[in-house]
2 protein chains.
Amino acid sequence: MTEKLKRIHLSELHDRVTSAEEAASWIEDGMSLGLSGFTRAGDAKAVPTALVNRAKNGEEFKVNVYTGASLGADIDKILAESGIVDKRLPFQADPVMRKAINTGEHLFIDQHLSHTAELLRAGVLEIDYAIIEGVKITEEGLLIPSTSIGNNLAFVEAAENIIIEINMAQPEQLEGIHDLYSPKPQGEREPIPLTSVEDRIGEIGIPLDLDKVKGIVFTNQLDSPSTILSPDEETQQIADHLLDFLREEIQAGRLTESLRPIQVGIGTVANAVLHGMIDSEFEDLVVYSEVLQDAVFDLMDAGKVSFASACSMTLSEEKMKEVFGNFEKYHDKLVIRPLEISNQPELIRRLGTLSINTALETDIYGNVNSTHVTGTKMMNGIGGSGDFARNARLAIFVTKSVAKGGDISSIVPFVSHVDHTEHDVDVLVTEQGFVDLRGLAPRERVPLIIENCAHPDYREQLWAYYQEALERGGQTPHVLEKAFSWHDNFMKTGTMKQKVKLEVES
Amino acid sequence: MTEKLKRIHLSELHDRVTSAEEAASWIEDGMSLGLSGFTRAGDAKAVPTALVNRAKNGEEFKVNVYTGASLGADIDKILAESGIVDKRLPFQADPVMRKAINTGEHLFIDQHLSHTAELLRAGVLEIDYAIIEGVKITEEGLLIPSTSIGNNLAFVEAAENIIIEINMAQPEQLEGIHDLYSPKPQGEREPIPLTSVEDRIGEIGIPLDLDKVKGIVFTNQLDSPSTILSPDEETQQIADHLLDFLREEIQAGRLTESLRPIQVGIGTVANAVLHGMIDSEFEDLVVYSEVLQDAVFDLMDAGKVSFASACSMTLSEEKMKEVFGNFEKYHDKLVIRPLEISNQPELIRRLGTLSINTALETDIYGNVNSTHVTGTKMMNGIGGSGDFARNARLAIFVTKSVAKGGDISSIVPFVSHVDHTEHDVDVLVTEQGFVDLRGLAPRERVPLIIENCAHPDYREQLWAYYQEALERGGQTPHVLEKAFSWHDNFMKTGTMKQKVKLEVES
């Protein structure tokens, strides 16, 4: 125990040390929990598990579960299996929970990640227990976070009660990479004083109201490793096209070779794009993102990225060993911020980010669906893509042009759910090519999206739809009764491919 | 001429005075023009008219026309009739131009109003001639704007050439109410130092690069009066419901009686909501909006509004006389800013506005269509509604529950065009009632939207759709092949009313 207690530099807190089971026993039916965790990094691991065990032992209760984003350590899985979740927000990425959401077993709110903290501050959401992972409590009463911050600061500020998980497996060297800043309530709020990706504007830990700290639990478990797949031929082509677009921007004088602060959403395609920059001519890059994946550290090793800011680090097993084993190499090139700061519209607009996010499907006018399979089933959630796309210097969406072995076209007449409107999408990239939509009216966009981005197997079909739509006219021509026929066909026949019949109505 | 020249306090500019015809003759085929004007206020009047006359006299040419928002003085009408427009952005509200857009006679880009200046600064859009109305040029070389600023500062900064219209009919007393501030390029940009609606952060006029000033034209014509209709019974009911919602927020401790800085979109319903506040208990109100309509001045007269900030003033004929005849009463309670500042996400989030905008239709999950009739035909444009709704403390959308004498339901299964997603809509209000969507999952939203907001004539039909959708499951249940059947029915039969048949598929 002595080794562990060394992590709590404030001796008056030593008697709050307790077991996960004891801490979990305090949680009552109907309560709302704010759990640390963002994209599998820095999640509270022991207390949520102990809470689920109460349900396994036959207790009946429900809680609301709020986080920064998706959780690792199978927490979302066991929460969903246990049936104790009433409402979950703002993001998840677990297959078991996904199924529970889509069958309606529990409720899910898909939210812009930057909005959660504001809703807590405004009193729209409330928190009974914040359950937060950290590596240390300082003499000054600061909780040093671990591999993510996410909504932890907002949860701690809003919560009635706080339970801390000190994770002995997370490296203590993380101390010093965090920068905790909390905007004041609206009306009293000053400008957020960050003008450069490297700026530090707050504390190195989360200030604790000691009266709220009900318990401290020790854990010893690394984060779940990232599930990112290696680049394949198509993601490589997407990366190549995207780099070609950036080169054209440099030629036009709208970008320099250090580009803009880069934000890349979580995912395999996005990670491949970053990897594509390693052997490129781009240099002196900086990252202002939500999550730092393997590729960011590879870019640092290659001397391409000089600084990176995010609200979490989500690494593969191998990369975690490498980074934590040589953390002094990275310590001064990193800052981990609250989600509310990493995803803050004010800062994204001020810095002018180059934002790259993944689309599930897009339509011929450039609207993007990031979340709903065939318009109904939740995949993961919108995450921070909307926080960035709306305010980025360049809002880029990437996707493979087809899915399910070619039976689904990612370019459709009308997206079956809209997460990003035509107003917020600058550039689309598929393995077929890219299209720059800026300054183009809807009717100018369609031919370019079809010819540059759609899969050749679907181009004729898309043209047929558009021709029929054009006969009806309008700013955004559509044949509404056929707008979702592609999705309907897929659900009924297993493919979006149809015999093309060019119908012209006058 | 002497009286007129007194408006140009910089004598070296006196020899730039010219006729509208001469100035219009400089404009060449293919050029892009930045015209002053925002919601019928402060538009360049003479030079665009003279330009149209060149086309009437048989000249063939095309230009791109960029503005702050909609124009008065029939400029959009004659531009559309003349056929000289290649591309128009970011907003318009003229019936003749609307028709030309929807038949494809000219192109139109519907843009978040806060984005235009950023696209100019980034070099995505370019301007050959800025044609800008003002009331005076000072000794220091500042152009004092008239009743709007809109994108004028951005146009003047981006333009190769500037033509100024000094409008003798606009009151010179307007001097001093403007506050011109331009953000630096991204990467060099500081926080915008505005923390209160009353703050002044810039110059009283637009700094002119004198070499760019090619001509100065004198005009003498008031703005076209506002076209806002008086409140009717239903808009009064909408206002009443909205005020009830605000009272509940005060009871819940989430608002005080001075509410939040108010933004109200242009339009009859929105204006009625403001009128509804005159006899209310709310007080010490401030306005942070795009456009100040009659009701804001009525609220000032009633002692309810102490200060108002916007980027334009659009008044009825009567109110214009009253306000300009007693301008000393209002001078120190007003500030007119660039559109980029009035609509800036950074400031809207910092101030935490109460934003009220009009929906064309909403769906059962809270997505909002602000722009496209039956998904294809442009009405006016998204305007600033997205700038505000995304970052507001409260994003409220108002609409009557039915249109066309009851044949169109404003609440539909699936909106036929998405301008504001479920992520950005907090509260819906119709004459039937209101629904607070914050903190609600999609399946929780549907019953409340149907019962509180939909017209009774359509509730059964909506329930039938939702029941069938629920059988299919999902986070956001839909019957995609019937999602647009209401719009399709309206187009084919003239009404959205159908015989309800409850189909249950398992």
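Numbered from 1 within each chain, the chains take letters A, B, ... in sequence-line order. For the numbers below, each heavy atom of this structure counts, side chains included, while hydrogens, waters and symmetry mates do not.
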Is the backbone of [Y] close enough, under 3.5 Å, to the side chain of [X] for a donor and an acceptor to pair up by distance?
| X | Y | result |
| --- | --- | --- |
| A/His423 | B/Asp419 | no |
| A/His487 | B/Leu480 | no |
| B/Asn102 | A/Gln475 | yes |
| A/Glu346 | B/Leu347 | no |
| B/Arg390 | A/Gly386 | yes |

Please tell me whether A/His112 and B/Asp424 have a donor and an acceptor in their side chains that are separated by less than 3.5 angstrom.
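Their side chains do contain a donor-acceptor pair, which is all the 3.5 Å distance test asks for.
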Do B/His372 and A/Thr476 meet the criterion of a side-chain donor-acceptor pair at a distance under 3.5 Å?
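Their side chains do contain a donor-acceptor pair, which is all the 3.5 Å distance test asks for.
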Identify which of [options] forms the greatest number of heavy-atom pairs closer than 4.5 Å to chain B.
| options | result |
| --- | --- |
| A/Gln344, A/Lys99, A/Met491, A/Gln111 | A/Gln344 |
| A/His478, A/Arg88, A/Arg443 | A/Arg443 |
| A/Ala469, A/Gly123, A/Gly473 | A/Gly123 |

Heavy-atom pair count under 4.5 Å with chain A, highest-scoring of B/Arg438, B/Lys377, B/Arg254, B/Met378:
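Of the candidates given, the most pairs with chain A belong to B/Arg254.
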Any Lys/Arg nitrogen of A/Glu190 or B/Arg350 sitting under 4.0 Å from an Asp/Glu carboxylate oxygen of the other?
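B/Arg350 and A/Glu190: not salt-bridged.
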Ionic contact status for B/Glu118 with A/Arg349, cut-off 4.0 Å
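Salt bridge present between A/Arg349 and B/Glu118.
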Proximal component of A/Ile382, with respect to chain B [non-hydrogen, under 4.5 Å]
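Only the side chain of A/Ile382 comes within 4.5 Å of chain B.
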Heavy-atom cut-off 4.5 Å, strictly under: side chain, backbone, both or neither for A/Tyr365 against chain B?
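No part of it gets close to chain B.
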Region of B/Glu422 in contact with chain A, defined by heavy-atom distances below 4.5 Å
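The answer is the side chain of B/Glu422.
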Measure B/Ala122 against the heavy atoms of chain A and call it side chain, backbone, both or neither at under 4.5 Å.
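Both backbone and side chain.
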Min side-chain heavy-atom separation A/Pro345-B/Asn391 under 4.5 Å:
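Side-chain contact under 4.5 Å: yes.
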